[in-house]
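What follows is one structure encoded as structure tokens, with my remarks underneath.
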Amino acid sequence: MQKKIFIKTFGCQMNEYDSNRIYDSVKRLGFIKSEDQGNADCYLLNTCHIRDKAKEKVYHEIGRVKKLYRGRKKPIMIVAGCVAQAENQEMLNREPYIDIILGPQSYHKINDLLKNFINKDKIEETEFDTILKFNYFDKIENKNSNVSSYLTIQEGCDKFCSFCVVPYTRGPEYSRPFNKILAEAESLISNGAKEIILLGQNVNAYSYKDKFKEYRISNLINKLASYSELKRIRYTTSHPRDMTDDLIECYSTNKKLMPFLHLPIQSGSNKMLKLMNRKYTVEQYIKIYEKIKKINSSIEFSSDFIVAYPGETDDDFNKTLNLVKKIKFINSFSFIFSPRPGTKAANLDQIKKETAKERLLKIQEHLFKSQLNMNESFINKSIDVLVENKINGQKKLFGRNKYMNSVIFDGEENYIGKNINIKIKEVNQNSLFGKIEKNNMRAA
Ligand code: SAM
Ligand code: SF4
């Protein structure tokens, strides 16, 4: 009999990729995905630990699951992801409803754990077995059939920014073998992928050496571009220190690399960058920006910002605001510093909550304004959109332009997977709305 698994994913694109790969694995045991969280034999929470009350969110979620299954057979409850890695045994002690704790580098064990699972056993798997994990998943086809598909090429981080929990939850930096990544890309393309987004916590630090040479992300991007059915290539998340010239050069030579770069700076103050252990200066960041803009002035940037990191004065914050005014980031993420247990910044004196909130509002006012300005610049223009899917329950389609903006328009499902021209009629901060231009559908 088929068993059902419900997977709920929190956090970043890497977690989304992992959840899909976990599903590729458990399908071999006869599991199928349940869309109904109240009807599953196995309930998996893929968690994120990057900010806020991550741990408490997981306990709340489990509370909801308990209520849903009250008076019925409980599902096998798995907590996976970065909270599982960080909290491990403590979670099993505190919440007896959890059956399995599964850290991000132990996902290859999931089928054995489920096969051998006998009620009342409590299991914790949080080893950093990254190589074994990827070896296991290399043997299981990636069945994802999204038009825009994620592909993890690198995991973990050795940079230890003072605020960040990733080196502790995902472990040391690891780059997958070049040929294994290409094999996975080929299967994604044969499943219908027209865009591949290369993923890594430090994606541009990708470095794989065989007997003959070192492969960098630039080699991957250039090789991927040779697949004729693949139309677009992106990568995220990059660190400014790893924006090497070979990668920057791709923006002039590779037409499939989209002209949009997410490059987190975190702060516009060198003092703060030093305290955060970011290992670059604002001037070095601007140099990268200028080099890329010189190649093609239509390449746009987005970034991440942390406000109210311990020690941030009004003057430091104003430097960040000045940077935001200088570089018109088109779509950025901004956060109030959130102390993460185990990191260097965990026990530093924190900035008052009201000041932190004020700073967040202020920076967001500028960021949102430049996002809206960018979106407004598309009004009455015809833009190239890769159509990704149908919007549930509506006769509308969803796609993205080259800058990752969401574009929504009326259309038939046969456009999915194709590049078409859309004339933009209206915009808001997050999306563009338009109409299909008549007779200009390009060959996909
Ligand atoms: N590796 C990327 C880099 O170095 O730029 C960032 C990856 S991190 C998963 C995504 C973003 O979360 C960071 O760029 C940072 O802005 C934010 N972040 C990470 N830790 C944080 C913390 N403790 N408090 C607030 N924001 C945080
Ligand atoms: Fe975290 Fe990115 Fe810094 Fe690594 S480089 S510690 S992932 S913020």
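Counting starts at 1 for both ligands and their atoms, following the listed order.
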### Query
Taking only residues two or more places apart in sequence, or in another chain, which ones meet N392 in a side chain to side chain contact (heavy atoms under 4.5 Å, CB included)?
none

### Single hit among E312, M272, Q266 for side chain to side chain contact (heavy atoms under 4.5 Å, CB included) with I306
Q266

### Query
What's the verdict on salt bridge (Lys or Arg N to Asp or Glu O under 4.0 Å) for K27 and D24, showing C-alpha distance, side-chain angles and the deciding distance?
CA-CA 5 Å; K27 259 194 289 196; D24 285 335; 3.8 Å; yes

### Query
If you draw the axis of the six-membered ring of F163, does the NZ or CZ of K344 fall within 45° of it and under 6.0 Å from the ring centre?
no

### Message
Given the ring of F260, does R234 sit roughly above its face, with NZ or CZ under 6.0 Å from the centre of the six-membered ring and within 45° of the axis?
### Response
no

### Task
Check each heavy atom of M276 against ligand 1 and say whether those closer than 4.0 Å belong to the side chain, the backbone, both or neither.
neither

### Query
ligand 1 versus F163, non-hydrogen atoms closer than 4.0 Å: side chain, backbone, both, neither?
both

[X] side chain to [Y] side chain, donor-acceptor N/O pair below 3.5 angstrom:
X	Y	answer
Y43	Q37	yes
E214	Y208	no
Q105	E155	yes

### Message
Which residue in the set K55, K8, K66 passes salt bridge (charged side-chain N to carboxylate O under 4.0 Å, His left out) when paired with E61?
### Response
K8

#### Entry: Candidate list K231, R232, K402, test salt bridge (charged side-chain N to carboxylate O under 4.0 Å, His left out), partner D384, passing option
R232

### Message
Please determine whether the number of non-hydrogen atoms from other residues, nucleotides or ligands lying under 6.0 Å from atom CD of Q89 exceeds 12.
### Response
yes

Can you tell me which residue and heavy atom of the protein come closest to [atom], and the distance to 0.1 Å?
atom	value
atom 10 (C) of ligand 1	D304 OD2, 3.7 Å
atom 9 (C) of ligand 1	I50 CD1, 3.5 Å
atom 24 (N) of ligand 1	S338 N, 3.0 Å
atom 18 (N) of ligand 1	R51 NH1, 3.6 Å
atom 27 (C) of ligand 1	I306 CD1, 3.7 Å

Enumerate the atoms of ligand 1 whose separation from the nearest heavy atom of [X] is less than 4.0 angstrom.
X	result
R340	23 (N)
Q266	5 (O), 13 (C), 14 (O), 15 (C), 16 (O)
T237	2 (C)
Q201	1 (N), 2 (C)
R278	3 (C), 4 (O), 5 (O)

### Query
Heavy atoms of the protein only: does one fall short of 4.0 Å from atom 7 (C) of ligand 1?
no

### Query
Where is the tightest heavy-atom contact between A84 and L102, given as atom of each residue plus distance?
CB-O, 3.7 Å

### Message
If I compare all heavy atoms of S238 with all of M243, which pair ends up nearest, and what's the gap?
### Response
CB-SD, 4.3 Å

### Message
Quick check against the 3.5 Å criterion: does S252 have a side-chain atom that pairs as donor or acceptor with the backbone of E249?
### Response
yes

### Query
Would a distance-only check, ignoring hydrogens and angles, find a side-chain to backbone donor-acceptor pair under 3.5 Å from S269 to K319?
no

### Message
Quick check on contacts: which atoms of ligand 2 are under 4.0 angstrom from a heavy atom of R278?
### Response
3 (Fe), 8 (S)

### Query
Can you list the ligand 2 atoms lying under 4.0 Å from a non-hydrogen atom of F163?
8 (S)

### Query
Are V165 and ligand 1 in contact, using a heavy-atom cut-off of under 4.0 Å?
no

### Message
So, regarding H239 and ligand 1 (criterion: nitrogen or oxygen to nitrogen or oxygen, under 3.5 Å), is there a contact or not?
### Response
no

### Task
Give yes if a backbone or side-chain nitrogen or oxygen of N202 is under 3.5 Å from a nitrogen or oxygen of ligand 1, and no if not.
no

#### Entry: Residue-atom pairs from the protein, N, O or S only, that lie under 2.8 Å from atom 4 (Fe) of ligand 2
C157 SG

